[in-house]
Amino acid sequence: MPIRQLPPANLARIAEFEVFNYRLIFYPNFRSGEFYFDEMIVPNLMPLSADFIPSILVYDDGVVKGFLHYGGDEVLRLYVELVMQSQGIGAALLEYAIRELNGKRLWVLEKNPRAIAFYQQHAFRVTEERRLEEGTEEYLVRLERE
């Protein structure tokens, strides 16, 4: 199976996924140039990712194409290389989390209908629980799996 523990040598790849996904998905909603283009850069994210190595899995079939960060039964982050999305990589990571890690909860930006639809395809449902994304006026919604 191409899903395995994150090797420390791949920290830069994980940081790349976050940087480019955040810029593409979240920048249009938040419009913070200072954050997304000055603070949200690969060298700044690598030390943060290093702290979480034990709870990060990667999809690696010769090339690291996506990652899953989990905590307990919660999916904390799931990102796939932008040019490799819609190829089953995110689904493989999520199904692994469900099957092997008892993954059944997560938070998604309310204004990210594509992500919400993806999780709903995997039997997650939107709950009534919402919270503000830290430092913004945008809401996250909780999704749970039955």
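All values derive from a computational prediction rather than experimental measurement.
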- Considering residues at least two apart in sequence or located in another chain, which fulfil the side chain to side chain donor-acceptor pair (under 3.5 Å) criterion with Q87? none
- With sequence neighbours excluded, tell me which residues meet ring pair (Phe, Tyr, Trp, His ring centres under 6.0 Å) with F67. Y79
- Sorted by chain and residue number, the side-chain contact (heavy atoms from CB on, under 4.5 Å) partners of R125 (sequence neighbours excluded) come out as T127, E144, E146
- Query: Who else is in the cluster with L132 when I, L, V, M, F, W and Y are joined by side-chain contacts under 4.5 Å?
  - Reply: Y139
- Message: Just so I know, are the side chains of L143 and V108 near enough to count as touching, which here means a heavy-atom distance under 4.5 Å?
- Response: yes
- Determine the sole option in L11, L68, V64, L57 for which the side-chain contact (heavy atoms from CB on, under 4.5 Å) test with L6 is passed. L11
Please table the atom pairs, donor to acceptor, closer than 3.5 Å between any side-chain atom in residues 90-106 and protein atoms at least two apart or in another chain.
from, atom 1, to, atom 2, distance (Å)
E95, OE2, H122, ND1, 2.7
R105, NE, D73, OD1, 2.9
R105, NH2, D73, OD1, 2.7

- Note on the structure: Between W107 and R142, the two heavy atoms sitting closest are NE1-NH2, 3.2 Å
- Query: Which atom pair, heavy atoms only, marks the closest approach of V80 to L78?
  - Reply: CG2-CD2, 4.3 Å
- salt bridge (Lys or Arg N to Asp or Glu O under 4.0 Å) involving R13 - partner list, sequence neighbours excluded: E16, E81
- Task: Using a strict 4.0 Å threshold on nitrogen-to-oxygen distance, state whether D60 and R4 make a salt bridge.
- Result: yes
- Message: Is there a path of hydrophobic side-chain contacts, each under 4.5 Å between heavy atoms, that joins Y59 and F118?
- Response: yes
- Message: Show the nearest heavy-atom pair for residues R114 and S86, with the distance to one decimal.
- Response: NH2-OG, 3.2 Å
- Message: According to side chain to side chain donor-acceptor pair (under 3.5 Å), who are the partners of E110, at least two apart in sequence or on a separate chain?
- Response: R130
- Message: My understanding is that only residues two or more places apart in sequence, or in another chain, count here; which of them pass side chain to side chain donor-acceptor pair (under 3.5 Å) with N10?
- Response: none
- Partner residues of S55 under the side-chain contact (heavy atoms from CB on, under 4.5 Å) criterion, sequence neighbours left out: F52, H69, Y70
- Query: Between L76 and I56, is there a shared hydrophobic cluster once you connect ILVMFWY residues whose side-chain heavy atoms come closer than 4.5 Å?
  - Reply: no
